[in-house]
Amino acid sequence: MLDLKFVRSNLDLVKGMLEKRGYDLDLSDFQSLDEKRRSILSGLEQLRHRRNKVSDQIAAMKKNGEDTSSLVAEMKTVSKEIKEIETELPGVVDQVNKVLMLIPNMPHESVVVGESADDNPVIRKWGTIRDFAFNPLPHWEIGEKLNILDFSRAAKIAGSRFSLQSGIGATLERALINFMLDVHINHHDYVEILPPFLVNSDSMTGTGQLPKFREDLFKVDGWDLFLIPTAEVPVTNIHRDEILSSDQLPIRYVSYTPCFRSEAGSYGKDTRGLIRQHQFNKVELVKFCCPEDSDGELESLTADAEEILQRLELPYRVVSLCSGDLGFSAAKTYDLEIWLPEQEVYREISSCSNFTDFQARRANIRFKRKKESGTELVHTLNGSGLAIGRTLVAILENYQQPDGSVIIPEALRPYLDGLSVIKREGAG
RNA sequence: GGAGAGAUGGCCGAGUUGGCUGAAGGCGCUCGCCUGCUAAGUGAGUGUGGGGCGAAAGUUCCACCGAGGGUUCGAAUCCCUCUCUCUCCGCCA
């Protein structure tokens, strides 16, 4: 969330931002609500001040054996009054917070104003798109023919939007996870994290999934636990309610987890294949840094994710999300989009964002500079590095051969016992 | 799941007849002094959040001793609920 003081003193700026993002949020009574909160609070504090003073006085008088009954009687009514205000205040505070929680982050100054994904500027392209001498197949056909993907049995076991991989299809998934982790750990200086895959509502609130996006989450019945929609949630919450030291920063974590999303509101989209699933694997990059470093850290985080695609020799492009396409918490986002030859489109495979202090304020993640008093909020960033399932899709589709086999990118072969091509195996 | 113990500042750790305790003491850290380096010594300072006043340095008020409620003029201290940690038993990958 944004800083209350910032919103209070820059209300017009915030309203203009909402418009650029295409948000319909009414802030007209925010000011009066905030003033009401403050006036109640200061009245309460005056009463409490009086109570503290007189209580001390009573203590002193009792020591001297003086009669305190009239003061005690007076304080009884003051206490009652305090209690009344104390019951009134949380409601008003909640109202202010509720509004504050619904305001998205201020976009970075470099973010282009636009309405939708069509307005996202392309920053760069990498790799050459292969010229197919035959009609390339979609990955689900390739996978089923190779007997490594089985969607109908996945549906029997769990339902739609689940997948089952077998044989080399399962091994390839595991190889991709290890390959990506190794690159980020050994070449990019990230620390590996294996977090809980279920988290409580405090954590979901800390990273912004709650309260606004509850319907996107799977909840465990009878528990205050949710299945994580991304490793961002547990990993960012590692430092919730902590005060870090500036010489610890930047902190860079990489984490493999499965991700669970209800995909509410995406009926009819990507109904076939691995693109949109209730459960998928992802290697996530998460950073905590000083405010002045977050612009640079976003560039390097994006480059780290790109390197995976480069090593796998998969053609992609980088787009910068425009104001209308930008996520709720993000100040700036680069999407990595992979080329899919069958559909002849670029599809998102990674989303790298700088959240500035927006998540940190909500999750209360602060740091202290050496030789300075006071605390500041850290900046948080994260990005996929990468989505495993979609990478598998990209490999199957971009490396498919006329005979139905699929060449394995060289960088991955050490993780597959040297295997260089996937051919049909085993009966199903 | 059963029985018991605990939760205090960056860390350790006092504080149970309720009342100058925002909290002793220690460690750590910062600044100064001293010692030709290092170590030791020595003096001072050192929580967070919010409100008011101030251009600022600052000043003042309120809150916070796991979380939430209660008793009381007054609670870190008493009562209730919850969460977490530890020990023992049971179960289990």
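Just so it is clear, the model here is predicted, and its values are computed rather than measured. Below, chain A is the first sequence line, B the second, and so on; all start at residue 1.
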Inset, instruction - Answer yes or no: does atom CD of A:E242 have more than 12 heavy-atom neighbours from other residues, nucleotides or ligands under 6.0 Å? - result: yes
Inset, instruction - Starting at atom CG of A:D202, determine the distance to atom C1' of B:C84, rounded to an integer number of angstrom. - result: 13 Å
Legend entry - Most 5' of A:D3 and A:S79 on RNA chain B, judged by nearest nucleotide: A:D3
Inset, instruction - Find which nucleotide of RNA chain B each of A:R8 and A:M75 is nearest to by heavy atoms, and output the residue with the more 5' nucleotide. - result: A:R8
Inset, instruction - Round to the nearest Å and state the distance from A:K368 atom NZ to B:G28 atom P. - result: 17 Å
Using atom names, set out every protein N or O paired with an N or O of nucleotides 7-10 of chain B below 3.5 Å, distance rounded to 0.1 Å.
none

Legend entry - Sugar-phosphate only, base, or nothing, as touched by A:K80 at under 4.0 Å among non-hydrogen atoms: nothing
Legend entry - Pairwise side-chain contact, A:R390 with A:F280, heavy-atom cut-off 4.5 Å (strictly under): no
Inset, instruction - Using a 4.5 Å cut-off on heavy atoms from C-beta on, say whether the side chain of A:H379 contacts that of A:C290. - result: no
Within the sub-3.5 Å range, which N or O atoms of nucleotides 78-83 of chain B have a protein N or O partner, and how far apart are they?
none

Legend entry - Residue A:N64 excluded, over 12 heavy atoms near CG under 6.0 Å: yes
Legend entry - Pairs involving residues 190-209 of chain A, ordered by first then second residue, that meet ring-ring contact (aromatic ring centres under 6.0 Å, His included) (sequence neighbours left out): A:H184-A:Y190
Inset, instruction - Could you name each residue pair satisfying salt bridge (charged side-chain N to carboxylate O under 4.0 Å, His left out) that touches residues 274-285 of chain A, not counting sequence neighbours? - result: A:E263-A:R276, A:D270-A:R276, A:K282-A:E284
Legend entry - Structure string for RNA chain B in dot-bracket form, Watson-Crick and G-U at under 3.5 Å, | interchain: ((((((((.[[[..)...(.....]]]((((((.......))))))(((((((....))))))).[[[[[..)....]]]]])))))))....
Inset, instruction - Kindly say whether the aromatic ring centers of A:F328 and A:F358 come within a distance under 6.0 Å. - result: yes
Legend entry - Pairwise C1' distance for B:A7 and B:U59, with rounding to whole Å: 36 Å
Legend entry - CD/A:Q31: more than 12 non-hydrogen atoms of other groups inside 6.0 Å: no
Legend entry - Polar contact flag, side-chain donor to acceptor under 3.5 angstrom, A:D216-A:S262: no
Give me, pair by pair, the N or O atoms of the protein and of nucleotides 60-64 of chain B that are less than 3.5 Å apart, along with how far apart they are.
unit_1: B:C61; atom_1: O3'; unit_2: A:H49; atom_2: ND1; d: 2.7
unit_1: B:C62; atom_1: OP1; unit_2: A:H49; atom_2: ND1; d: 2.8
unit_1: B:C62; atom_1: OP1; unit_2: A:N52; atom_2: ND2; d: 3.2
unit_1: B:C62; atom_1: O2'; unit_2: A:R48; atom_2: NE; d: 3.3
unit_1: B:C62; atom_1: O2'; unit_2: A:R48; atom_2: NH2; d: 3.4
unit_1: B:A63; atom_1: OP2; unit_2: A:N52; atom_2: ND2; d: 3.3

Legend entry - Rounded distance in Å - CZ (A:R240) to C1' (B:G66): 14 Å
Inset, instruction - Determine which pairs satisfy ring-ring contact (aromatic ring centres under 6.0 Å, His included) with at least one residue from residues 144-165 of chain A, sequence neighbours left out, and list them in order. - result: A:F162-A:H278
Legend entry - Atom pair distance, as rounded to whole Å: CG in A:L4 and P in B:G49: 15 Å
Restricting to nitrogen or oxygen on both sides, can you table the protein-nucleotides 17-23 of chain B pairs closer than 3.5 Å?
unit_1: B:G19; atom_1: O6; unit_2: A:K62; atom_2: NZ; d: 3.3
unit_1: B:G19; atom_1: N2; unit_2: A:S55; atom_2: O; d: 3.1

Legend entry - Partner residues of A:R50 under the salt bridge (charged side-chain N to carboxylate O under 4.0 Å, His left out) criterion, sequence neighbours left out: A:E74
Legend entry - Atom pair distance, as rounded to whole Å: CG in A:D224 and P in B:C84: 10 Å
Legend entry - salt_bridge(A:E192, A:R252) N-O dist < 4.0 Å: no
Legend entry - A:H187 and A:R311, any side-chain heavy atoms less than 4.5 Å apart: yes
Inset, instruction - Please determine, for the side chain of A:K83, which listed nucleotide (B:G51, B:U48, B:U72) has the closest atom? - result: B:U72
Legend entry - Protein-nucleotide distance (A:R361, atom CZ; B:U48, atom P), rounded to Å: 17 Å
Tabulate protein N/O versus nucleotide N/O from nucleotides 91-93 of chain B, keeping only pairs under 3.5 Å, one per line.
none

Inset, instruction - May I ask you to say whether A:R8 pairs ionically with A:D34, meaning some side-chain N is under 4.0 Å from a carboxylate O? - result: yes
Legend entry - Nucleotide B:G66, atom P - distance to CG of A:N200 in whole Å: 20 Å
Inset, instruction - For A:D357 and A:R361, run salt bridge (Lys or Arg N to Asp or Glu O under 4.0 Å): C-alpha distance rounded to whole Å, both residues' side-chain angles, the deciding distance at 0.1 Å, then the answer. - result: CA-CA 6 Å; A:D357 60 5; A:R361 182 172 297 107; 2.8 Å; yes
Legend entry - For A:R51, salt bridge (charged side-chain N to carboxylate O under 4.0 Å, His left out) partners two or more places apart: none
Inset, instruction - May I ask you to check whether over 12 heavy atoms, not counting those of A:K212, lie within 6.0 Å of atom NZ? - result: yes
Legend entry - Qualifying residues under ring pair (Phe, Tyr, Trp, His ring centres under 6.0 Å), relative to A:H239, sequence neighbours excluded: A:Y253, A:F288
Legend entry - Side-chain N or O of A:R38 closer than 4.0 Å to phosphate OP1/OP2 of B:G52: yes
Legend entry - Protein-nucleotide distance (A:E35, atom CD; B:G51, atom P), rounded to Å: 13 Å
Legend entry - Heavy-atom check, side chain of A:Y399 versus side chain of A:P409, under 4.5 Å: yes
